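Just so it is clear, the structure is predicted and the values come from calculations on it, not from any experiment.
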Amino acid sequence: MLGPVILAASRSDKMRRFVSAAPGTKQVVDRFIAGETVDQVIPIVKDAAAKGLEVTLDVVGEDITTVEQSHAARDAYLELIGRLKELGLGERAEMSVKLSMFGQALEGGHELALANVRPVVEAAAAIGTTVTLDAEDHTTLDSMFAIHEELRKDFPQTGCVIQAYLFRTEDDARRLAAAGSRVRIVKGAYKEPASVAHQDKAEIDKAFVRIVRILMAGEGYPMIGSHDPRLIAITQELARQAGRKLDEYEFQMLYGIRSEEHVRLAAEGHRMRVYTAYGTDWYGYFMRRLAEKPANLLFFARSILTKG
């Protein structure tokens, strides 16, 4: 299985240097990363809106080592929100944030991450949009869920992400599927031990379906993060069985993957949101995209060979 190997490489400085220097890297990175600056990503938001799509914007970066970097991450999101406000795009774009980027792993990191993310959530609410807290590896989740609960006291629209491959997630889904909640379900893209997570794809898919069923039966707003046609069809059936209207849940897919499906689902009347990452610190995000699908890795390998 190449996926776990690639996920391990996502934490390697040596591999980071190799991949960054490879001649074909930029071509593949550009497929998954919308740009490096706010100015580069804004036209993509406008284009998505013109197609009836919505977006969630992620300023890529994680594993920071200083408080100053955590403040810079906060300020990058505040800059983004300021631009969305200027252009009247707040209702078409929400934000996704990784709390590791806001200092979660530093000394006193829980309080630091909360202090950094709160002004971002407040600024987003002021322009009519929301923030979703991305899930990272299992060791960070108790802190993430606690911050999510604290933020929802003042900003109940704040969302969070749960990951189907973790054994704990069905219980988390039951707890979170309450009125007013916004929960994104994804399969999971971190290297996790067998003691906490399913390792077999079929078992992960089964868990995904069980969790979608829980969310659809609840009173919250499910956000289905998948590119798998079979899981999308199952989700539609589970939503029908739960009596949900098309605007009572949404699909989410990654920028650069199955773009024609984005448009198709939107044309059918579904809410369709494109997870759009941008920024200069793209390595960890990029490697997880390679690990998720062998075709992505083959595309990268071909690009290196043809550009060498």
Side-chain angles (χ1 to χ4, degrees), residues 56 58 94 96-99 104 117 121 130-153 155-228 230-254 270-273 275 288 292:
T56 183
D58 173 10
E94 68 153 36
S96 289
V97 304
K98 290 179 173 60
L99 293 176
Q104 187 185 44
V117 76
V121 174
T130 58
V131 170
T132 295
L133 306 184
D134 275 340
E136 300 181 71
D137 74 77
H138 76 278
T139 65
T140 69
L141 294 184
D142 286 340
S143 172
M144 185 273 281
F145 286 131
I147 289 174
H148 174 247
E149 184 176 352
E150 183 65 27
L151 290 171
R152 288 199 70 217
K153 293 176 183 177
F155 306 98
Q157 70 276 27
T158 305
C160 70
V161 177
I162 55 178
Q163 301 168 103
Y165 65 176
L166 295 175
F167 300 145
R168 65 174 288 171
T169 300
E170 289 183 53
D171 288 337
D172 288 331
R174 292 186 184 93
R175 174 176 55 82
L176 291 164
S181 68
R182 296 172 58 256
V183 183
R184 180 195 303 149
I185 171 65
V186 299
K187 289 186 180 181
Y190 290 82
K191 180 176 170 56
E192 297 285 14
S195 58
V196 302
H198 297 290
Q199 305 295 309
D200 180 72
K201 180 183 183 302
E203 291 303 316
I204 295 171
D205 285 355
K206 290 176 185 177
F208 190 98
V209 172
R210 291 194 299 269
I211 294 160
V212 170
R213 189 186 299 275
I214 292 167
L215 296 177
M216 288 296 179
E219 298 182 76
Y221 180 75
M223 302 179 286
I224 312 303
S226 178
H227 306 94
D228 186 327
R230 187 173 64 89
L231 293 180
I232 290 168
I234 291 172
T235 292
Q236 290 171 315
E237 176 58 22
L238 292 175
R240 186 193 67 77
Q241 292 176 10
R244 285 185 177 262
K245 300 176 183 178
L246 293 184
D247 63 353
E248 293 178 338
Y249 66 101
E250 70 182 46
F251 290 106
Q252 296 191 4
M253 297 185 186
L254 298 171
H270 289 285
R271 293 192 70 181
M272 177 66 229
R273 191 178 302 276
Y275 190 107
R288 287 193 295 278
E292 286 172 347

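The shortest distance between side-chain heavy atoms of M144 and D134 does not fall below 4.5 Å. In this structure, M223 and Y249 have side chains that are not in contact, with every pair of non-hydrogen atoms separated by 4.5 Å or more. Within the 4.5 Å cutoff, the side chain of V161 has no heavy atoms near those of the L133 side chain. With contacts defined as side-chain heavy-atom distances shorter than 4.5 Å, the pair M272/M253 qualifies. Residues L215 and I185 form a side-chain contact, since some pair of their non-hydrogen atoms from C-beta on lies under 4.5 Å apart. Within the 4.5 Å cutoff, the side chain of E136 has heavy atoms near those of the Y190 side chain. When side chains are defined from C-beta on, K187 counts as touching F208, because their heavy atoms get closer than 4.5 Å.
A donor-acceptor pair is defined here as one N or O able to donate and one able to accept, closer than 3.5 Å; no such pair exists between the side chain of Q199 and the backbone of I204. In this structure a side-chain-to-backbone donor-acceptor pair under 3.5 Å is present from T140 to D137. T56 places no side-chain N or O within 3.5 Å of a backbone atom of Y275 that could act as its donor or acceptor partner.
Applying the side chain to side chain donor-acceptor pair (under 3.5 Å) test to T235 and every residue at least two apart in sequence or in another chain returns nothing. The side chain to side chain donor-acceptor pair (under 3.5 Å) check on K245 picks up nothing, with sequence neighbours excluded. Annotation: side chain to side chain contact (heavy atoms under 4.5 Å, CB included) contacts of V121 (sequence neighbours excluded): V117, V131, L151, F155, T158. For R230, the side chain to side chain contact (heavy atoms under 4.5 Å, CB included) partners two or more places apart in sequence, or in a different chain, are D205, D228, I234. By the side chain to side chain contact (heavy atoms under 4.5 Å, CB included) test, T169 pairs with I162, L166, I211, sequence neighbours left out.
Annotation: the span from S96 atom OG to R273 atom CZ amounts to 8.5 Å, rounded to 0.5 Å. The structure places CG of D58 at 11.0 Å from OG1 of T132, a figure rounded to the nearest 0.5 Å. The CG atom of D172 sits 4.0 Å away from atom CZ of F145, with the distance rounded to the nearest 0.5 Å. Once rounded to the nearest 0.5 Å, the distance linking OG of S143 with NE2 of H148 reads 13.0 Å. Going from atom CZ of R174 over to atom CD of E170 covers 5.5 Å, rounded to the nearest 0.5 Å. The CD1 atom of I232 sits 5.5 Å away from atom OG of S226, with the distance rounded to the nearest 0.5 Å.
At a threshold of 4.0 Å, the pair R152-E149 does not count as salt-bridged, since none of the basic side-chain nitrogens sits closer than that to a carboxylate oxygen.
No hydrogens or angles considered: a donor-acceptor pair under 3.5 Å links the side chains of E94 and T130. In this model, a donor atom of one side chain and an acceptor atom of the other lie less than 3.5 Å apart for R184 and Q252. A donor-acceptor pair shorter than 3.5 Å can be found between the side chains of Q236 and H270.
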Take L99 and I147, measure what side chain to side chain contact (heavy atoms under 4.5 Å, CB included) needs, and give me the verdict at the end.
CA-CA 9 Å; L99 293 176; I147 289 174; 3.7 Å; yes
Do R168 and D171 pass the salt bridge (charged side-chain N to carboxylate O under 4.0 Å, His left out) test, and can you show the C-alpha distance, the side-chain angles, and the key distance before you say yes or no?
CA-CA 6 Å; R168 65 174 288 171; D171 288 337; over 6 Å; no
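Between A164 and A207 the shortest heavy-atom distance is O-CB, 3.5 Å. Residues R244 and G218 come closest through the heavy atom pair NH2-O, 2.9 Å. The two residues M216 and P222 make their nearest non-hydrogen contact at SD-CG, 4.0 Å. Contact record, E248 with G243: OE1-O, 4.0 Å, taken as the closest heavy-atom pair. Nearest heavy-atom pair across A178 and S181 is O-OG, 2.8 Å.
Within the structure, side chain to side chain donor-acceptor pair (under 3.5 Å) contacts touching residues 213-225 (residues at least two apart or in different chains) are Y221-E250, Y221-R271.
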